[in-house]
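Report on one structure; see the data block that follows.
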Amino acid sequence: MLDKIYTPAEIEARLYAAWEDSGAFACRPDAGARPYSIVIPPPNVTGSLHMGHALNNTLQDVLIRHRRKQGCDALWQVGMDHAGIATQMVVERQLADEGLDRNALGRDAFIERVWNWKAESGGSIIRQLRRLGASADWARERFTMDEGLSAAVRKVFVELHREGLIYRDKRLVNWDTHLRTAISDLEVEQREIDGFLWYIDYPIEGSKNKHITVATTRPETLFGDTGVAVHPEDPRYADLVGGAAILPLVGRRLAIVGDTYSDPERGTGAVKITPAHDFNDFEVGVRHGLAAINVLDASGRMNDEVPEAYRGLDRFEARAKAVAELEALGLLVKTEPHRHVVPHGDRSGSVIEPWLTDQWFVDAETLAKPAIEAVERGDIVFVPKNWEKTYFEWMRNIQPWCVSRQIWWGHQIPAWYGPDGMVFVAMDETEAADAARAHYGETATLTRDADVLDTWFSSALWPFSTLGWPEETPELARYYPTDVLVTGFDIIFFWVARMAMMGLHFTDEVPFRTVYIHALVRDEKGQKMSKSKGNVIDPLELIDRYGADALRFTLASMAAQGRDIKLSEKRVEGYRNFATKLWNAARFCEMNECASTPSFDPAACSQTVNRWIVGELMRAAEAGDEALDAFRFNDAANGLYQFTWGSFCDWYLELVKPMLYGPEGAERAEARACAAWVLDQILHLLHPFMPFITEELWQRLDATRTEALMATRRPPYAEALRHEDAGREMNWVLRLVSEVRAVRAEMNVPAAARMPLLVRGAGEEHWTWLKSHGPSIEALARVASIARDEGVARFGCVQAVLDEVSLILPLADVIDLEAEQARLAKEIARLHDEIGKIENKLANDKFVSRAPPEVVEEQRERRGSAARTRARLEEALASLAG
RNA sequence: GGGCGAUUAGCUCAGCGGUAGAGCGUCUCGUUUACACCGAGAAUGUCGGCGGUUCGAUCCCGUCAUCGCCCACCA
């Protein structure tokens, strides 16, 4: 016997372990079933489960379990990302606590330390995903720094280099002075900062007191100035173009050039040009042949290119000093408060410097072309489709991708330098040495490039590297391209676009056919949840409190929301209640011997109520499947919720109670079997959303079952289960019960009061229905009996109306006749208005001639129905008036 | 500056050319042998404003307003 309350904590761990032990999560390449595959967006090895993961993985698990139960050979490829910078930061912080740093440790020891950290405390998220019920194929778990995946990375690097799509170049990159590494454009976030705009006079060469005033937010970079630009058509400076200014504090000669980059409206219209420290200035410098002088070191301190007094100063100290000195010299014209955007590193949060270094770049523009075409052709489809626009915008304006990072944790770049700087890119050291010997004619001393690759470089290969590429494995042949990628819009550029590029380039196929983009889970104020903001809701706490199923159902039912999901705990509580409801429906079935289904043919059952619920179930199942096919998780979840709670619990179980409690016989037997069968189907249908409770009930309700629900294929539903006739009949009966209940409640008829239900105006069909559902109607509408009433008007009755039928409850001594009159009058007035509106519409020639005939017909039917109801109500009102 | 999205019941949000929906909350009634984490019923909306298209607009188009996000931008 089931308990009254479902207690998830006791059950979830046991079931999960049993599933995992039984091998139910594993793909079955030999099963002869259609393959269906999803690769997980690999969580960072440093990560712990947050609400975004919970949503992302719930949706994937719903799809995987759904397909598995449909009979597919489902592979959910799981694994983790080494998360270069993030992980290195974690371990460096630990070292700092011990008073160490990575340089003291040395590279090899440091990397070993990171591996140890990973073994001990990394990847807690993988355990937490199990708490959520994720049915991933854990035996196939991969890590981006696995041997196989690392080989894939090297292979891709070598090939792209051979094709000229990876190259080394000296150019300005985004430099993080805190982490002392280059980062990509995407890892830079622009923040609005209150700063200052300083106006500085640069004396004009060969003139005693003439000067040109430039405005800058970064006075400390003036040491790197090599020019001043003005707009070629700016009359204020026309006579200066071609001349030169003298750089204050330094005395260097600066060419004054005319360049349209200069905007006469901004600042003074004259802009100092610092090619080594500004992306725009770099371009101007190239156009006018200006030198690029780097004045900063890797930590953002002034280097030896600046006057001695400034050397070694932090850039911000240097800024203050320069301003003070300029002011003392009388060259600082004015200082304005100035709000402007300043680039910051997304990891370190420090101000990013454009810095001139040698880095490795991927020719993203070339790789992007096929990836753009794949989406244009529909080989990759975004759901929702509007994200394609975002994808196109970025891909069509894509910049070279800086992939080298000056950190230690990651894939070391497979490039070796000869004594003369010649570079040999190879799969390994031996291969590089061979190439060097061939080049130099003798064995050469090679030095490996110290840098590692951007973490996203290996993530870009994830859909095929995890399946064994570059080996031609059976898994790669069977599960690639994957069916769908489920992810958030925040990594469309970082990850989705790059997988599309790499996948197409190296496999000639798209890595996934569909990209389902879901919302981000935010806090109640709509802020992105983050540790630093301290607004994180821990999914594990919700699982502890309400169960994994309740959390999963909540997330699935909210998946339709636009770009934000504001998670409310009340909602989780509501779906916990749903789990309890399901549990108790099963408990009821168990108590009434509806638990197992020895023999029930849903196509051939005879009782209308049974045929009706079978048809309803089938429609719910179809709607659910369609919704999931279209990734409308919310519709699927809500539809099943409505069917389970509304149709099955509130109506069906109540309708069959008289039969279940009644005498032994064919009727009771069929009701038992049908209830059991429908409950069984509900467990199948809800399982992808609520795997734990459904599995537990499935196994508890029928001890003879040997296979787990998750591994049991859901039966297909034949057309013969539709039972449309039963639907028509039951809908009428249900409406009738509702009418009686409503009028009783409105008239404050005591729940315990039983009276005959007199029915007037029912045709033969309706009367047949009334007779055959008599006991159910009596129980649900709480009436003593049902009788025909075609006699004279009765006084003092409460009446409900169902189209042309009057439902009469003789209650003169119980109810307030005036209130009943008022109720009827109000209802009549409402119908009167409605009929008026419809008649206006029908009187409109244009409507009748231009609207589709079925719409016109529908309006006529509505008018007829409303008129019949109104006539009945008027009759009732008249009878009250006596 | 470019782009995207939102504005619907008290709250959180679905819907999207033809009777406005859900959950929560509110109110009324109810210890009916599955469930009070429940049951029955009720109330609440000029679907942001203004134009347009249409026989018909919450839905399509234009425009404005407010809010939010992404991209670009250290004069």
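Order of the sequence lines sets the chain letters (A, B, ...), proteins ahead of strands, with each chain counted from 1. In this text the structure is predicted, and so the values were computed from the model without any measurement.
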Please confirm whether the backbone N or O of H344(A) pairs with a side-chain atom of R191(A), one donor and one acceptor, at under 3.5 Å? no
Restricting to pairs with a member in residues 637-652 of chain A, which pass salt bridge (charged side-chain N to carboxylate O under 4.0 Å, His left out), not counting sequence neighbours?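 Residue pairs with at least one partner in residues 637-652 of chain A: there are none.
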Strictly below 4.0 Å, heavy-atom distances to any atom of RNA chain B: list the hits from residues 393-400 of chain A, or just say none. none
Give me the residues of residues 839-848 of chain A where at least one heavy atom lies under 4.0 Å from an atom of RNA chain B, by number, or none. N844(A), K846(A), F847(A)
Please tell me which of the listed nucleotides, [options], lies nearest to the side chain of [X]?
{"X": "K566(A)", "options": "C13(B), C74(B), U54(B)", "result": "C13(B)"}
{"X": "A851(A)", "options": "G41(B), C73(B), C55(B)", "result": "C55(B)"}
{"X": "A560(A)", "options": "C55(B), A14(B), C74(B)", "result": "A14(B)"}
{"X": "F493(A)", "options": "C55(B), C70(B), G3(B)", "result": "C70(B)"}

Can L655(A) and L780(A) be said to form a side-chain contact (heavy atoms from CB on, under 4.5 Å), step by step? CA-CA 7 Å; L655(A) 285 163; L780(A) 268 60; 3.8 Å; yes
Summary of side-chain hydrogen bond (donor to acceptor under 3.5 Å, both in side chains) pairs that have at least one residue in residues 267-283 of chain A, sequence neighbours excluded: T221(A)-K272(A), D225(A)-K272(A), D225(A)-T274(A), K272(A)-T274(A), H277(A)-N294(A)
With sequence neighbours excluded, give me every ring-ring contact (aromatic ring centres under 6.0 Å, His included) pair touching residues 550-593 of chain A. Y6(A)-W583(A), F553(A)-Y575(A), F553(A)-F578(A), F553(A)-F689(A), Y575(A)-Y641(A), F578(A)-Y641(A)
Sort and list the pairs that fulfil ring-ring contact (aromatic ring centres under 6.0 Å, His included) and have at least one residue in residues 833-858 of chain A, not counting sequence neighbours. none
Touch check for [X], heavy atoms < 4.0 angstrom, all strands: base, sugar-phosphate only, or nothing?
{"X": "F196(A)", "answer": "nothing"}
{"X": "Q190(A)", "answer": "base"}
{"X": "I5(A)", "answer": "base"}
{"X": "R862(A)", "answer": "base"}
{"X": "P852(A)", "answer": "base"}
{"X": "V214(A)", "answer": "nothing"}
{"X": "S557(A)", "answer": "nothing"}
{"X": "S568(A)", "answer": "nothing"}
{"X": "K837(A)", "answer": "nothing"}

Gap between atoms [atom1] and [atom2], on [X] and [N] respectively (whole Å):
{"X": "F282(A)", "N": "C74(B)", "atom1": "CZ", "atom2": "C1'", "answer": "18 Å"}
{"X": "F316(A)", "N": "C74(B)", "atom1": "CZ", "atom2": "P", "answer": "15 Å"}
{"X": "D564(A)", "N": "U7(B)", "atom1": "CG", "atom2": "P", "answer": "12 Å"}
{"X": "D833(A)", "N": "U19(B)", "atom1": "CG", "atom2": "P", "answer": "16 Å"}
{"X": "E189(A)", "N": "C69(B)", "atom1": "CD", "atom2": "C1'", "answer": "14 Å"}
{"X": "E858(A)", "N": "G18(B)", "atom1": "CD", "atom2": "P", "answer": "10 Å"}
{"X": "L655(A)", "N": "G39(B)", "atom1": "CG", "atom2": "P", "answer": "15 Å"}
{"X": "L582(A)", "N": "C38(B)", "atom1": "CG", "atom2": "P", "answer": "13 Å"}

All side chain to side chain donor-acceptor pair (under 3.5 Å) counterparts of [X], not counting sequence neighbours:
{"X": "T487(A)", "result": "none"}
{"X": "H518(A)", "result": "none"}
{"X": "D194(A)", "result": "R339(A)"}
{"X": "N638(A)", "result": "none"}

Ignoring hydrogens and geometry beyond distance, is a side-chain donor-acceptor pair present between H231(A) and D263(A) at under 3.5 Å? no
Side chains of E393(A) and T390(A), donor plus acceptor under 3.5 Å: no
5' to 3', nucleotides 22-34 of chain B under a 4.0 Å protein heavy-atom cut-off (B base, S sugar-phosphate only, - none) gives S-S-------B-B
Given the [atom1] atoms of [N] and [M], what is the spacing between them in whole Å?
{"N": "C64(B)", "M": "G1(B)", "atom1": "P", "value": "13 Å"}
{"N": "G23(B)", "M": "A40(B)", "atom1": "P", "value": "11 Å"}
{"N": "G49(B)", "M": "U7(B)", "atom1": "C1'", "value": "11 Å"}
{"N": "G39(B)", "M": "U54(B)", "atom1": "P", "value": "49 Å"}
{"N": "C27(B)", "M": "C35(B)", "atom1": "P", "value": "26 Å"}
{"N": "C69(B)", "M": "C29(B)", "atom1": "P", "value": "47 Å"}
{"N": "A20(B)", "M": "C24(B)", "atom1": "P", "value": "23 Å"}

Using salt bridge (charged side-chain N to carboxylate O under 4.0 Å, His left out), reason through E839(A) and K837(A) one step at a time and then give a plain yes or no. CA-CA 5 Å; E839(A) 279 179 344; K837(A) 273 187 214 163; over 6 Å; no
Using side-chain heavy atoms (C-beta onward) and a distance below 4.5 Å, is R735(A) in contact with D803(A)?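 SC-SC contact between R735(A) and D803(A) confirmed.
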Geometric cation-pi criterion R319(A) and F316(A), 6.0 Å radius, 45° cone: no
Could you check W387(A) against S738(A) and say which one's nearest nucleotide on RNA chain B is further toward the 5' end? W387(A)
Based on Watson-Crick and G-U pairs with both distances under 3.5 Å, what dot-bracket line describes RNA chain B 5' to 3', crossing pairs as [ ] and inter-strand pairs as |? (((((((..((((....[..)))).(((((.......))))).....(((((..]....))))))))))))....
ring-ring contact (aromatic ring centres under 6.0 Å, His included) with W394(A): which of W401(A), F493(A), W387(A)?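 So, applying the ring-ring contact (aromatic ring centres under 6.0 Å, His included) to W394(A) and each of W401(A), F493(A), W387(A), only F493(A) qualifies.
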As a quick check of understanding, evaluate side-chain contact (heavy atoms from CB on, under 4.5 Å) for T177(A) and R315(A), giving each step before the final call. CA-CA 10 Å; T177(A) 58; R315(A) 52 197 161 149; 2.7 Å; yes
